[in-house]
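What follows is one structure encoded as structure tokens, with my remarks underneath.
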Number of protein chains: 2
Amino acid sequence: MNIHSSPSFRPLYDQIKILITQSLIAGEWRPGDAIPSEIDLAARFKVSQGTVRKAIDELAAENILIRRQGKGTFVASHSQERASTRFLRIARDDGVAEYPTSKLLSVTRERAPEASASLLDLRTGASIFCIKRLLSFEGAPRIFDEIHVPAAAFKGLDDAMIRNYPGSLYSFFESHFGIAMIRAEEHIKAVKAGPIEAELLHVPQGQPLLRVDRVAFTYGDRPVEWRRGLCHTERFSYVTEMS
Amino acid sequence: MNIHSSPSFRPLYDQIKILITQSLIAGEWRPGDAIPSEIDLAARFKVSQGTVRKAIDELAAENILIRRQGKGTFVASHSQERASTRFLRIARDDGVAEYPTSKLLSVTRERAPEASASLLDLRTGASIFCIKRLLSFEGAPRIFDEIHVPAAAFKGLDDAMIRNYPGSLYSFFESHFGIAMIRAEEHIKAVKAGPIEAELLHVPQGQPLLRVDRVAFTYGDRPVEWRRGLCHTERFSYVTEMS
DNA sequence: TGTGTTATATCTTATATAAGTTATATGTTA
DNA sequence: TAACATATAACTTATATAAGATATAACACA
């Protein structure tokens with residue numbers, strides 16, 4: 001009888017992955033930080049450098065860590081330049097890279113509706129913040145976002161904080177609340193513009209819009225954001241790849 | 001001065017990846033086949049097993065190869081059971097897994113319009129096959145597909161061949177023409193249903209539909225299929241994930 | 001300004017053991 | 001003998017360790 005016969009057997013590198021993830025959850029290393037070198041981690045976890053490397057390789061493949069030859073391994077951050085487009089899949093049809101400008105419409109405290117509550121593992125009626133904003137390309141409004149986050153995890157969030165923050169919303173969540181988004185699932189439908197979004201997006205009511213529902217997760221696959229984006233896709237597309 | 005200073009330097013494992021890909025392009029190993037064992041490949045390419053392993057690891061991560069412990073490493077195929085949903089991102093909202101039925105509408109030989117020709121690296125007016133079909137879930141039509149493939153690479157394709165084939169279209173392309181789709185890019189918009197698709201999908205004209213434009217690639221990143229799908233997303237969504 | 005030092009990740013090879021699969025040999029039983 | 005079960009062997013990939021050479025980056029120092 002050896003340890004591998006155990007039904008709960010996990011390879012060493014997988015256990016190392018979990019230990020690293022736990023340090024990320026605990027905030028021992030925060031987004032942007034360098035984590036210890038492979039050799040240091042190997043000593044700490046009492047395994048070989050190769051095993052640490054395999055664990056880091058997989059976390060890097062999941063975009064949770066970033067390796068830089070000669071420099072070290074870093075915790076992925078939305079504050080990095082090339083991270084700005086990581087979760088933004090709407091792009092111009094002509095291929096020109098353009099980052100949208102954001103206009104904050106409102107930040108309110110609400111009771112979570114059943115739909116977003118269940119996806120965020122909250123009780124219906126739990127306290128959430130509801131953020132509404134409008135994203136524009138070339139000055140033309142294209143995306144109307146409604147964003148729900150649990151109030152418990154985003155204590156003190158308000159209008160002014162977001163308005164004064166220069167970077168992306170996920171970068172803001174990271175720096176002010178220590179919550180890093182690492183993964184998201186999206187469900188997309190085509191819907192008719194209602195009166196509110198028609199006015200905001202400068203389209204007639206009934207105009208087809210892309211409705212993009214997202215749940216975003218932080219370390220340990222914990223859901224911490226629900227959002228619904230309504231997108232006017234004239235000269236823009238939602239771009240994705242599969243393999 | 002060592003070889004690594006060369007601007008065209010590629011690590012060994014990357015060169016092995018290219019050699020394996022070339023064998024796939026040449027048809028030495030076809031979808032579903034087992035490729036030689038790591039040890040055999042190491043001997044053939046005069047490198048260590050570890051280097052072959054790294055090359056195979058990356059190709060497996062790209063879903064080009066599939067590893068099976070104890071059995072061997074296989075060329076990914078659309079004829080495998082779990083491949084059926086690999087490129088189908090439309091799913092029921094209630095989470096029930098259901099594979100749509102396909103009704104073939106037409107197969108015609110056409111001159112490539114500028115739009116699909118340029119994406120397929122063809123001259124405008126080059127000969128293509130145009131396939132039209134309707135996909136239904138629970139008997140309800142949901143997706144109207146128009147598919148363009150270069151006639152040169154799909155010689156002899158016709159209506160009856162597709163109609164008699166039991167599996168998916170990509171499985172059909174593989175078995176009859178030796179062309180395996182390994183990657184695809186999609187651009188999605190919300191559009192109004194025109195008269196043709198309105199009738200086919202049983203929706204009123206003007207109904208919002210998802211328009212999904214796809215370019216699919218085979219080994220060596222060669223584009224070999226363009227398609228446009230018009231999707232009625234009532235009780236269905238386009239599902240995707242990002243990290 | 002340049003040059004060497006140091007620390008990092010990267011690449012490559014080598015070796016050993018574990019675990020999953022399959023075919024074959026060897027029993028055992030009807 | 002024939003059918004079936006079991007053990008064994010030979011293959012595969014998976015996991016883990018070790019060691020050395022190389023590429024990249026940062027820094028100290030002349």
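By convention in this document, chain letters (A, B, ...) are assigned in the order of the sequence lines, proteins followed by strands, and residues within each chain are numbered from 1. Bear in mind that the values here come from a model prediction, so they are computed numbers and not experimental data.
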Polar pairs (N or O, both sides) under 3.5 Å between protein and nucleotides 7-14 of chain D?
residue : atom : partner : partner atom : Å
D:dT12  : OP1  : B:Ser37 : OG           : 3.3
D:dT12  : O2   : B:Gly70 : N            : 3.4
D:dT13  : OP2  : B:Glu38 : N            : 3.3
D:dA14  : OP2  : B:Arg67 : NE           : 2.6
D:dA14  : OP2  : B:Arg67 : NH2          : 3.2
D:dA14  : N7   : B:Arg53 : NH2          : 3.2

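Checking the phosphate oxygens (OP1, OP2) of C:dT13, a side-chain nitrogen or oxygen of B:Thr51 falls inside 4.0 Å.
Per the geometry, CD belonging to B:Gln15 stands 8 Å off P belonging to C:dT12, to the nearest Å. Between the CG atom of A:Leu41 and the P atom of C:dT8 there is a distance of 11 Å, given to the nearest Å.
When the salt bridge (charged side-chain N to carboxylate O under 4.0 Å, His left out) test is applied to A:Asp14, the partners found at least two apart in sequence or on another chain are A:Arg10. With sequence neighbours excluded, the residues forming a salt bridge (charged side-chain N to carboxylate O under 4.0 Å, His left out) with A:Glu98 are A:Arg92, listed by chain and number. For B:Glu58, the salt bridge (charged side-chain N to carboxylate O under 4.0 Å, His left out) partners at least two apart in sequence or on another chain are B:Lys17. Judged as a side chain to side chain donor-acceptor pair (under 3.5 Å), and not counting sequence neighbours, the contacts of A:Glu28 are A:Ser23, A:Arg44.
Within the structure, side chain to side chain donor-acceptor pair (under 3.5 Å) contacts touching residues 149-161 of chain B (residues at least two apart or in different chains) are B:Asp159-B:Arg163.
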